[in-house]
Amino acid sequence: MTSHDTTIDDAAWASPWRRRRVGEKVLLSVSLVLTALLTPPWPGCVLVACLSVFLILGPARIRASLLATVMIAPVTFLIIGALPVAIHLGGDGWGIGPVRINADGATTALGLIAHGIAGTLALMVLATTTPMVDVITWLRALRVPDPLLDIASLTYRLLFVLLSTTLAVRQAQVARLGDAASWRRRWHALASTIGSIILRSWQRATNLQRGLEGRGYEESLRTLSPRRARSWPFIGVSLASVAGVWATCWVLA
Amino acid sequence: MHIAEGFLPPIQCAVWFAASAPFVIHGARAVIAKAKESPENKLLLAAAGAFTFVLSAIKLPSVTGSSSHPTGTGAGAILFGPPVMAFLGTIVLLFQALLLAHGGLTTLGANVFSMAIAGPWAGYGIWKLIRRTSAPAWVGVFFAMAVADLVTYCVTSVQLAIAFPDAASGFAGALTKFLTVFAVTQIPLAVAEGVLGVLLFGFFTRV
Amino acid sequence: MTALLEAAAVTLGFHDHVVLRDASLTIRRGSRIALLGANGSGKTTLLSALSGALEPSVGVVRFGGQDLRHDRRNLREHRRHVQLVLQDPDDQLFSADVTQDVSFGPLNLGLDEATAWARVEEALNLLSVTHLAERPTHQLSYGERKRVAIAGAVAMRPEVLLLDEPTAGLDPVGVAELMATLAGLGTTVVLATHDVDLALSWADEVAVVSDGGVRQGTPSLLLDAALIRSARLRMPWQLELVTRLGLPVDPLPRTIDDVLTRIGR
Amino acid sequence: MTALLEAAAVTLGFHDHVVLRDASLTIRRGSRIALLGANGSGKTTLLSALSGALEPSVGVVRFGGQDLRHDRRNLREHRRHVQLVLQDPDDQLFSADVTQDVSFGPLNLGLDEATAWARVEEALNLLSVTHLAERPTHQLSYGERKRVAIAGAVAMRPEVLLLDEPTAGLDPVGVAELMATLAGLGTTVVLATHDVDLALSWADEVAVVSDGGVRQGTPSLLLDAALIRSARLRMPWQLELVTRLGLPVDPLPRTIDDVLTRIGR
């Protein structure tokens, strides 16, 4: 069972870029993220956003509807977060009482939204092409201590197990008319659900510990991971695209 | 609500990374020590991390806002201590950024500070304080959960106010605006999370 | 006789993967239907659609001749009549103790406490788990949890009970006891299973899910070798034996006694 | 012939609850043993003891005639020879993708990367799951995860493979395919199951766990009605049919063909 909560990861596993080196995708995505942060909204953020959407929908072949769903949460935050930036308490501008809005504030807020959308899209270049766990494995190369990465990758595995149980339990409650219950009873049901999922998480962890011990687990959770070939063309095109954005900004400035 | 990618100015991203780093490194050391103590702890901590993530898929009934869910950081701080929560919270925030597009990479430092450091520490502090009085345990649980939740959003508001001071009224005005948007609306949710903590506490006394 | 519950030419899937296409199942009041099919064939998906949990992209589910509309009010009404019990009891049990868990449905029906209590007692009694009433759910054995999960649905007194692999993981005596219990409920039951022998001995109708479609008929459907093969099932031994002995298969030999009679001893 | 692996008069329990008392099981090299018993009878406990995961409070486990001592060095050595696959694959799979997961055991044996890769390929191939190599664990079906979990054990090339309910939850063709796969492994296999028909057709030895003890013998043990009853099992249909027909049960009719021959057609 897949849920809305893991659609990005599902897409990443199926992505044609899945087999690219993580380091190369990180390079592309992070340099785009930084570009979105450091260049002005026009043309920098707009170019980064266009480039990211092109990469995600084009070579990485992610469905447009999926990208749209994914963007709902960050865009909601951006709008709510930019609102207080747009308005002023006191000062000039148009408004009611001390709450004022003027061109400066509105421009800053729109700029923020542009940075936010471009940055998030740039991050999605990585997220929709690279399963979370590949990023964790890649961090090993950066000398992050093994126990921390072991915990992170076990977290990844367990969250799918727990998520499917949680969703199933919630669905089963609705089947027994849980959504028709009184407010008070729904809160009790929620607490019981969370409590039993905690108990089950514990049980899962203990069982998995025993299962892994049987397979020789003592201290480290070492596994083989395939070596991916480095692609100079990919690196070259990535750097050229980012450089192109910067050049355009510089020219237009 | 995590601060989205691209929302904070570059310098402030760096400052919040720097502010969070010592706590996260301290937490990471605590985690490594626990893992060395017994390999079983790795799985238990991973289960706790996975559970914290899963909480974000559990919607709260009948509260304002359609996407409100418990943060659980107060309970985590009571159970594992704030240092461990600093590390687990960082992992969960990274997962949320890449799996759900909630939050971001450049804003990770700021989000870690509010959600994985300030919230858990505040919740833990209140818990310890109330445990010193003769108040029953559930009172402590309630305030730990509620305070951890609320402090998280207050700190987020402070972070945003520093980044975007009001043109007319400066930092104070900006803080008022952001608190109104993020923290005041959060009060019922914080209370809700406290109540949930108490109900959860009740559940565990029955099983 | 008209259908109590039916799926009429439904198409169901996730994202771009179609699980069932143009599949129909008709459930008459009082019938006992075995829903057979391979792992991943779509049995669970079909049961979910019948229970209202999934909405078909094409086709409709009908209860008592009325099309089910997937708005909150209609779904609530539907759930009073149709209850689905999932394969894994841990997907269903969430309360601290058994009584609480079983009382969840009845209380949600808006029954007063006394009536709800009576329903809980009745359900625990029907499923022979009265002795577990005050036990914490997470301390129960797998078989016990399966029974409690079914009790939770039975306590709502549904007209149709949909059971997903209720016998999976139970030992032979556990299976026999559960089947005896189900026979005593007097409810219309649809039971998804892999166990062809069980299906033959228990069901009065059989529906086979394969290649995205459903074929429904009498248990003699299990004589159709091509269908059996395409559904990754096997022929029940009773039928295979009688067929290979060249004996008549009509009436269908369903139990060991039927087979002995047919062989003529 | 001497035992490759054995549990000698072991007593095992949790807290003050004794699960097995004075139970023994002898596993000869190359044998195929079906371990039968009710839910909660102690099959899993016995397998855990044989794998070294549980230490008996009384009695010993021996491999190759040597008593198993439960210190780290000896356990490590024991696991090279004996691998247990648990019933729930999610208790054993921890990696994000299949290749990674299967490589865990070989790497723990201290093999170099090239050899470990070869072992992974071999195991995936033996279990017919090569096509899943790069798939994420959490997207696999239940049956696929079961196979991958067995591949993880097979990749360690154990001399004894202990399988806890490997066929539970699989459809009939899935069961047949898995049994064919196991037959092709050439390893000594102990398989815990509820499925008496499967046990009869596959095993060359049967061990029945009931009332805390183990009775081991040839599959004709399944003719013992009192034992069957106390173990909450049922007699395999082949045996019941032949017995009730008054035909000789020696040699034991194990397949439908055997039964047909015995009936004389």
Side-chain angles (χ1 to χ4, degrees), chain A residues 1-11 13-14 61-70 161-207, chain C residues 14-17 19 40 44-45 47-48 50-54 72-73 75-97 100-111 113 116 123 136-139 145 149 151-156 158 162 164:
Chain A
M1 151 147 352
T2 57
S3 83
H4 169 70
D5 299 88
T6 56
T7 41
I8 298 183
D9 205 59
D10 292 343
W13 280 98
R61 273 186 259 150
I62 302 300
R63 280 179 294 126
S65 60
L66 188 146
L67 184 62
T69 322
V70 160
V161 177
L162 294 183
L163 198 57
S164 69
T165 313
T166 306
L167 296 173
V169 170
R170 297 298 278 167
Q171 199 189 339
Q173 284 172 356
V174 173
R176 285 200 278 164
L177 298 173
D179 62 338
S182 68
W183 193 83
R184 199 177 133 262
R185 285 178 27 75
R186 282 163 74 183
W187 277 92
H188 275 280
L190 181 69
S192 300
T193 308
I194 293 178
S196 41
I197 305 277
I198 290 177
L199 288 178
R200 244 164 257 168
S201 312
W202 243 237
Q203 195 57 49
R204 281 266 161 227
T206 321
N207 291 354
Chain C
F14 304 98
H15 305 301
D16 34 356
H17 171 62
V19 179
T44 303
T45 305
L47 292 183
S48 301
L50 287 167
S51 78
L54 287 179
R72 183 178 274 211
R73 204 178 54 80
L75 281 175
R76 265 187 206 168
E77 188 55 31
H78 189 71
R79 290 180 185 126
R80 291 173 175 268
H81 305 300
V82 181
Q83 277 291 307
L84 166 62
V85 181
L86 304 170
Q87 173 169 5
D88 186 347
D90 287 343
D91 288 345
Q92 201 129 358
L93 304 179
F94 67 93
S95 293
D97 70 43
Q100 265 188 17
D101 211 286
V102 176
S103 71
F104 183 70
L107 288 173
N108 291 341
L109 286 173
L111 301 175
E113 288 224 355
T137 40
H138 69 273
Q139 282 179 12
R145 277 179 293 162
V154 165
M156 298 181 76
L162 309 170
D164 196 359

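Letters A, B, ... mirror the listed sequences (proteins, then strands); counts begin at 1.
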To the nearest 0.5 Å, what is the distance between CG on C:D91 and OG1 on A:T166? 9.5 Å
By a 4.5 Å heavy-atom criterion (distance strictly below it), what part of [X] contacts chain A: side chain, backbone, both, or neither?
X: C:Q92; answer: both
X: C:D101; answer: both
X: C:L107; answer: both

Option in [options] with maximal non-hydrogen atom pairs under 4.5 Å from chain C:
options: A:G195, A:G178, A:S65; value: A:G178
options: A:D179, A:T165, A:I197; value: A:D179
options: A:A175, A:A172, A:S182; value: A:A175

Which atom of [X] lies closest to which atom of [Y], heavy atoms considered:
X: C:F94; Y: A:S196; value: O-OG, 3.1 Å
X: A:R176; Y: C:N108; value: O-ND2, 2.9 Å
X: C:S95; Y: A:S192; value: CA-CB, 4.2 Å
X: C:L109; Y: A:L177; value: CD2-CD1, 3.3 Å

Could you tell me which portion of [X] (side chain, backbone, both or neither) has an atom closer than 4.5 angstrom to a non-hydrogen atom of chain C?
X: A:Q203; result: neither
X: A:R63; result: side chain
X: A:A189; result: both

Ranking C:G152, C:G52, C:S51 by heavy-atom pairs under 4.5 Å to chain A gives rank one to C:G152
When you measure from the side chain of C:R72 to the backbone of A:A180, do you find a donor-acceptor pair of N or O atoms at a distance under 3.5 Å? no
